[in-house]
Asker: 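Below you will find the structure I want to go over with you.
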2 protein chains.
Amino acid sequence: MNASAPTPLTYDQTGVDYDLIDPLKVAAQRAAAATAGHLAGHGFSEVAASRGESAYVVDVGPFYLASIVECLGSKALVADEMQRLTGRSHYDGIAQDTIAMAVNDLITVGATPLVVQAYWAAGGSDWFGDAQRAHALVAGWKRACDACGVSWGGGETPALAGIVESGRIDLAASCTGIVNPKSRLSLGEALSPGDAIVLLASSGIHANGLSLARKLVDRLPNGYLSEVEPGLGYGQALLAPTTLYSPVTEALFKAGVVPHYCANITGHGWRKLLRHPATLEYRIHQLPPVPPVLTFIQQHAALDAAEAYGTLNMGAGFAVFVGAEDAERAVAVARAAGVEAWICGSVAAGPKRLVIEPLGIEYSGDSLQLR
Amino acid sequence: MNASAPTPLTYDQTGVDYDLIDPLKVAAQRAAAATAGHLAGHGFSEVAASRGESAYVVDVGPFYLASIVECLGSKALVADEMQRLTGRSHYDGIAQDTIAMAVNDLITVGATPLVVQAYWAAGGSDWFGDAQRAHALVAGWKRACDACGVSWGGGETPALAGIVESGRIDLAASCTGIVNPKSRLSLGEALSPGDAIVLLASSGIHANGLSLARKLVDRLPNGYLSEVEPGLGYGQALLAPTTLYSPVTEALFKAGVVPHYCANITGHGWRKLLRHPATLEYRIHQLPPVPPVLTFIQQHAALDAAEAYGTLNMGAGFAVFVGAEDAERAVAVARAAGVEAWICGSVAAGPKRLVIEPLGIEYSGDSLQLR
C-alpha cells in the first residue's frame with residue numbers, strides 16, 4: 001500500500017474515449033429512430049418513450065414486446081488473468097455477469113424476460129478446447145437462466161480469428177421479454193415528487209468499471225492477488241457475479257407493487273439515477289454499505305466521493321422508484337427474494353439533479369448524456 | 001492463373017476446427033433445452049420443434065414469438081483490406097450482411113421480423129473515429145432495416161480493447177419477430193413428398209465461406225484486386241451485400257402462400273437443404289446460375305462440385321419448400337419482390353439425402369450435423 005497520496009486514476013486514463021464513440025452513437029440513434037414507422041406496416045407501433053431507455057419496447061396489441069442486446073465488456077479479461085494465476089476458471093460467474101447485463105436492463109421497462117440468446121465469439125476454435133472453462137461457461141449460463149426463469153433459446157459460438165484476439169472471447173447476450181399486463185410498463189410516466197427511491201444491493205463491482213479496475217492492478221504490489229480484506233484477493237473479489245434482479249421485479253409484480261421507474265446502475269454509477277428525462281430532483285439520505293472491493297478501488301485509485309459514486313455502483317446495483325406508500329413493501333419483497341434493499345431517498349420537485357446528502361455531493365442533470 | 005492443377009483448398013485448412021467447438025455446442029444445446037420449462041411459470045411454452053432450427057420460437061398465446069442473435073463472421077476483414085487498397089469503406093454493405101444473417105434466419109420459421117438490435121464491438125474507441133466508415137455502417141444498417149420493414153431498436157457500441165483486435169470490429173445483430181397468425185409457423189410439420197423446392201437467388205458469397213475465400217487470396221497473384229470478370233475485382237465481388245429475403249417471405253404470406261419449410265443457405269452450403277429432421281429425399285433437377293465470384297472460388301480453390309455445393313451457396317441463398325400447386329406462384333411472388341427464383345427440385349419419399357441430379361452428386365442425411 002502506497003503511503004504517499006497517489007495520483008487519482010480516472011476513467012479518462014483507461015483508454016475509452018467517448019468523444020470518438022459519441023458522434024457515432026448520436027448518428028445511430030437518429031437513424032434508428034427514423035425506422036420506427038415500419039412497425040405500422042405490421043399493425044404495431046413503438047413505445048417512443050423507450051428510445052434512450054435501457055430496453056426497446058413495441059406495442060404488439062395484447063402486450064408490449066421488449067428486446068435488447070448487451071455486451072459483457074472487459075470483465076472476462078480478469079477471469080483470464082485469474083485462471084492463469086490460480087488455475088481455476090471463473091467463467092461460470094462470467095456467464096452470470098453477461099446475462100445480468102441483458103436481463104437487468106430489460107426489466108427496467110417492466111418486462112418479464114422470457115428468452116435469452118448466447119453470443120460467444122471466440123478468438124479461435126481452440127478457445128472451446130479448454131473443457132473446464134467451456135463447461136463452466138455453459139453451466140453458469142444455465143444457472144443464470146434458471147435464476148431468472150428464462151428459457152435459453154440458443155445462440156452463436158463463432159470462432160473469429162483476426163477479429164477477436166487469440167485466447168479471448170467476446171461475450172454478449174440478447175434478451176426478449178414481454179410487459180404483461182401492459183400496466184406493468186415502467187417507463188416513468190408515473191414518476192412524481194414524493195416517490196421513494198429503493199436501492200437494491202450490488203454484489204461488488206458487477207460488470208461496469210472494469211477498465212478502471214484492471215488499470216488499477218498496475219499500482220498494486222501483488223496485482224490481482226492483493227488482499228481486499230483478509231482472505232479475499234482483489235481479482236477474486238472483482239469476479240463476484242453480478243446480482244440478477246429479475247427475481248425481485250417479478251416478485252414485486254406478484255406483490256402488487258408496480259414501480260414508477262427503474263434504473264440499472266451500470267456505467268456512470270449513480271448518475272444513472274438521473275436517467276429519466278423529467279425535471280426532478282433525486283435526494284439520497286441514506287447510503288447502502290459499500291462492498292469491500294469498491295472501497296478498495298476508491299482508496300487505491302484515489303477517487304473522491306463524486307468520482308466514485310459517479311463511476312461505480314458503490315453498493316447499489318439497481319434502483320426502483322415506487323410510490324412512498326409502497327416503499328416498505330418493496331424492501332420486504334426484495335429481501336424475501338434474496339436481495340438486500342433499503343429506502344435510500346426520495347424524488348422531489350426541483351431542478352434536475354441528484355443530491356447525495358450524506359456525502360455532500362451533487363450531480364447536475366447534464367452530468368449524464370445518454371440521449 | 002496457375003496452369004498446373006492446384007491442390008484443393010478446403011475448409012479444414014482455414015483454421016476453424018469444429019471438433020473443438022462441437023462438444024461445447026452439444027453441451028450448450030442440452031443445457032439450453034433444459035431451461036424451456038421456465039416458460040410455464042409465465043403461462044407460456046416453447047415450440048420444441050424450433051430447437052435446432054434457425055430461430056427459437058415461444059408460444060405466447062395470441063401468436064408465436066421468435067428471436068435470434070447472429071454474428072457476421074469474418075467478412076468485415078475483407079472490407080478492411082479493400083478499404084486499405086481502395087480508400088473506400090464498404091461498411092454500408094457489411095451492415096446489410098450483418099442484418100441479413102439475423103433476419104434471413106428468423107424468417108425461416110415463418111416470423112415477421114419486427115425489431116433489430118445492433119451489436120458493434122470495436123477493438124477500441126478509435127474505430128469509431130473514422131467518420132466515413134462509421135457513417136457507412138450507420139447508413140447501411142438503416143437501409144437494411146428499411147428494406148426489411150423492421151424497427152432498429154438500439155444496440156451496443158462497446159470499445160473492447162484487449163478482446164477485439166485493434167482496428168477491427170465484431171459485428172452481430174439480434175432480431176425479434178412474431179409468427180402471426182400462428183398458421184404461418186413453418187417448422188416443417190407440413191413438409192411432404194411432392195413438395196416443390198423453390199430456390200431464391202443469392203447475390204454472391206453472402207457472409208458464409210469467407211474464411212475459405214480469404215485464404216484463397218494467398219494464391220491469387222493480384223490478391224483482392226484479381227479480376228473475377230472484366231471490371232470486377234475479387235474483393236469487390238466478395239463484398240456484394242447479402243440478399244435480404246424477408247420482403248419475399250412477407251410477400252408470399254400476403255399472396256396466400258405459406259411455405260411448408262424454409263432453409264437459409266449459409267454455412268455448409270446446400271447441405272442446409274437437409275436441415276429438417278424428417279426422413280425425406282430432396283431431388284434437385286435444375287441449377288440456378290452461379291455468381292461469377294463463386295465460380296472463381298471453385299476454380300481457384302480447386303473444389304469439386306461436391307465440395308463447392310457442400311460449402312458455398314452456389315447461387316441459391318434461401319430455399320422455400322411449398323406445396324407443388326404453390327410453386328409457380330411462389331416464383332412469381334419472389335420475382336415481383338425483386339428476388340430471382342426458380343423451381344429447382346422436389347421432395348420425395350426415400351432415405352434422407354440430397355441428390356443434385358445435374359451434377360450427379362449426393363449428400364447423405366448425416367452430412368449435416370446441427371443437432
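A, B, ... follow the sequence lines: proteins, then strands. Residue 1 opens every chain.
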Asker: Identify which part of A:L114 has an atom lying under 4.5 Å from any heavy atom of chain B, answering side chain, backbone, both or neither.
Answerer: both
Asker: Taking all atoms of both residues into account, what is the closest heavy-atom pair of B:D146 and A:H38, and its distance?
Answerer: OD1-NE2, 2.6 Å
Asker: If you tally heavy-atom pairs under 4.5 Å against chain A, which of B:L137, B:V57, B:T176 wins?
Answerer: B:T176
Asker: Flag the one option from A:F63, A:F44, A:F128 with the top tally of heavy-atom pairs under 4.5 Å to chain B.
Answerer: A:F128
Asker: If every non-hydrogen atom of B:V138 is compared with every non-hydrogen atom of A:A31, which pair is closest and at what distance?
Answerer: CG1-CB, 3.7 Å
Asker: Among A:P23, A:P62, A:G37, A:S50, which has the most heavy-atom pairs under 4.5 Å with chain B?
Answerer: A:P62
Asker: With chain A, which of B:G162, B:A121, B:C148 has the greatest number of heavy-atom pairs at distances under 4.5 Å?
Answerer: B:G162
Asker: Chain A heavy atoms under 4.5 Å from B:A55: which part of the residue, side chain, backbone, both or neither?
Answerer: neither
Asker: Which atom pair, heavy atoms only, marks the closest approach of A:G73 to B:I163?
Answerer: O-CD1, 3.5 Å
Asker: Can you tell which part of A:D80 gets under 4.5 Å to a heavy atom of chain B, answering side chain, backbone, both or neither?
Answerer: neither
Asker: Among A:V58, A:L65, A:I178, which has the most heavy-atom pairs under 4.5 Å with chain B?
Answerer: A:L65
Asker: Do side-chain atoms of B:T35 reach the backbone of A:W152 as a donor and acceptor pair under 3.5 angstrom?
Answerer: yes
Asker: Is it the side chain or the backbone of A:W120 that comes within 4.5 Å of chain B heavy atoms, both, or neither?
Answerer: side chain
Asker: Work out which heavy atom in B:G153 is nearest to a heavy atom in A:R51; give both atom names and the distance.
Answerer: O-NH1, 3.5 Å
Asker: Could you tell me whether a side-chain N or O of A:E156 sits under 3.5 Å from a main-chain N or O of B:C71, the two making a donor and an acceptor?
Answerer: yes
Asker: Heavy-atom distance under 4.5 Å to chain B: side chain of A:E46, backbone, both or neither?
Answerer: side chain
Asker: Using non-hydrogen atoms and a 4.5 Å limit, figure out which bit of A:I169 sits close to chain B: side chain, backbone, both or neither.
Answerer: backbone
Asker: Using modelled atom types only, decide if a donor and an acceptor are shared between the side chain of A:Q117 and the backbone of B:S67 within a distance under 3.5 Å.
Answerer: yes
Asker: Where on A:V69 is there a heavy atom nearer than 4.5 Å to chain B: the side chain, the backbone, both, or neither?
Answerer: both
Asker: Could you walk me through whether B:S174 and A:Y119 satisfy the side chain to side chain donor-acceptor pair (under 3.5 Å) test, starting with their C-alpha distance in whole Å, then the side-chain angles of each, then the deciding distance to 0.1 Å, before giving a yes or no?
Answerer: CA-CA 10 Å; B:S174 75; A:Y119 183 75; over 6 Å; no
Asker: Contact part of B:T157 toward chain A, heavy-atom cut-off under 4.5 Å: side chain, backbone, both or neither?
Answerer: both
Asker: Testing the basics here: between A:L77 and B:A161, what is the closest heavy-atom pair and its distance to 0.1 Å?
Answerer: CD1-O, 4.0 Å
Asker: Let me know if A:L171 has heavy atoms under 4.5 Å from chain B in its side chain, its backbone, both or neither.
Answerer: backbone
Asker: Where does A:A122 contact chain B at under 4.5 Å (heavy atoms): side chain, backbone, both or neither?
Answerer: neither
Asker: How far apart are the closest heavy atoms of A:S74 and B:L160, and which atoms are they?
Answerer: N-CD2, 4.3 Å
Asker: Looking at B:G43, B:A28, B:A27, which one has more heavy-atom pairs under 4.5 Å with chain A than the rest?
Answerer: B:A28
Asker: Heavy-atom distance under 4.5 Å to chain B: side chain of A:V116, backbone, both or neither?
Answerer: neither
Asker: Do you know which of B:E165, B:E250, B:R168, B:H135 has the most heavy-atom pairs under 4.5 Å to chain A?
Answerer: B:E165
Asker: Hey, is the main chain of A:V150 close enough, under 3.5 Å, to the side chain of B:H42 for a donor-acceptor pair?
Answerer: no
